[in-house]
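Sequential numbering from 1 along the given sequence is applied to the chain's residues. What you see is a predicted model; the values in this text were computed from it and never measured.
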Amino acid sequence: MNRVTDDRNLRPALTDLAFHIVIALGNGPAHGYAIGKDVEEQSRGRLDPSTGTLYQALHRLKEEGLIASVEPPERSDERRKYFELTERGRRAAEAEAHRLHTLVRTARKRKLYPQQA
């Protein structure tokens with residue numbers, strides 16, 4: 001199922017792993033191992049995707065047009081696959097961040113999450 005069918009329509013939420021991957025690619029292209037380590041760091045160890053899980057997610061995001069494969073930099077290990085965030089992926093990340101921000105605002109209004117200091 002394609003989560004992102006039309007950029008003008010409300011898009012369904014990204015999974016935690018997918019959102020962490022697009023965040024990892026926010027600073028530029030990276031190879032799979034670096035993406036996995038970034039995901040583990042960002043999530044403070046909550047997400048530690050196995051190689052298979054990570055590459056399945058990368059493949060799905062690539063099919064959805066949120067990321068793309070790119071040529072590796074010169075003098076890099078040619079076995080590593082590099083990926084970059086597409087413009088569509090940036091918009092999906094922005095929409096997901098906005099969705100989560102809205103949820104946090106609602107939780108604060110209902111006193112389920114501390115107010116900002």
Side-chain angles (χ1 to χ4, degrees):
M1 179 166 96
N2 189 353
R3 270 192 304 254
V4 182
T5 56
D6 185 350
D7 290 334
R8 293 169 302 210
N9 292 334
L10 188 63
R11 65 181 93 234
L14 294 174
T15 65
D16 275 356
L17 180 56
F19 190 44
H20 280 278
I21 289 170
V22 297
I23 289 171
L25 291 171
N27 284 332
H31 55 78
Y33 180 77
I35 294 168
K37 285 300 174 191
D38 196 304
V39 166
E40 184 180 2
E41 272 182 38
Q42 287 176 60
S43 69
R44 296 183 178 139
R46 190 175 57 81
L47 295 174
D48 183 10
S50 67
T51 302
T53 301
L54 178 65
Y55 276 91
Q56 283 177 349
L58 289 167
H59 178 73
R60 190 172 50 253
L61 291 169
K62 192 173 160 186
E63 281 184 341
E64 293 175 0
L66 303 182
I67 66 171
S69 295
V70 293
E71 290 296 316
E74 286 187 36
R75 298 187 218 183
S76 65
D77 186 339
E78 61 190 36
R79 295 171 295 180
R80 290 187 168 168
K81 294 181 181 181
Y82 281 76
F83 302 90
E84 71 178 0
L85 195 56
T86 63
E87 188 55 40
R88 187 175 189 179
R90 286 189 182 282
R91 289 191 305 269
E94 181 181 335
E96 183 65 7
H98 179 73
R99 183 188 75 79
L100 293 171
H101 177 74
T102 300
L103 284 172
V104 169
R105 271 196 338 242
T106 301
R108 283 191 174 125
K109 285 178 186 176
R110 296 178 185 182
K111 301 193 185 324
L112 299 172
Y113 187 76
Q115 297 295 318
Q116 291 177 324

Closest non-hydrogen contact found for Pro49 with Gly36 is CD-O, 4.4 Å

Crowding at CD, Glu94 (>12 non-hydrogen neighbours, <6.0 Å): no

Check this for me: Asn27, atom CG, are more than 12 non-hydrogen atoms of other residues, nucleotides or ligands nearer than 6.0 Å? no

By side chain to side chain donor-acceptor pair (under 3.5 Å) - contacts of Arg46 (at least two apart): Asp16

What residues form a side chain to side chain donor-acceptor pair (under 3.5 Å) with Arg90, not counting sequence neighbours? none

If only atom types and distance count, is the side chain of Thr86 paired as donor or acceptor with the main-chain N or O of Leu66 below 3.5 Å? yes

Could you pull out the closest heavy-atom pair between Pro72 and Ser76, with the gap in Å? CB-OG, 3.2 Å

Evaluate the ring planes of His31 and Tyr33, with Trp represented by its six-membered ring, and classify them as parallel (under 30°), tilted (30 to 60°) or perpendicular (over 60°). parallel

Are the side chains of Phe83 and Ile21 in touch, meaning some heavy atoms are under 4.5 Å apart? no

Should the heavy atoms of other residues, nucleotides or ligands under 6.0 Å from CD of Glu71 be counted, would the total exceed 12? no

Would Leu54 end up clustered with Val70 when hydrophobic side chains under 4.5 Å apart are linked, directly or stepwise? no

Arg108 to Pro114 - nearest heavy-atom pair and separation: NE-O, 2.9 Å

Between Val104 and Ile23, is there shared hydrophobic-cluster membership here, with clusters defined by ILVMFWY side-chain heavy atoms closer than 4.5 Å? no

Salt bridge present between Arg99 and Glu96 (N-O < 4.0 angstrom): yes

Looking only at heavy atoms, which two atoms of Leu25 and Glu84 are closest? And how far apart? CD1-C, 4.2 Å

dist Leu47:CG -> Leu17:CG (nearest 0.5 Å) comes out at 6.0 Å

Leu103 reachable from Tyr113 in the ILVMFWY side-chain graph, under 4.5 Å edges: no

Is there a path of hydrophobic side-chain contacts, each under 4.5 Å between heavy atoms of I, L, V, M, F, W or Y residues, that connects Ile35 with Tyr82? no

Taking every heavy atom of Leu61 against every heavy atom of Ala18, the minimum-distance pair comes out as CD2-CB, 3.9 Å

Run the side chain to side chain donor-acceptor pair (under 3.5 Å) test against Lys81 and tell me which residues pass, sequence neighbours left out. none

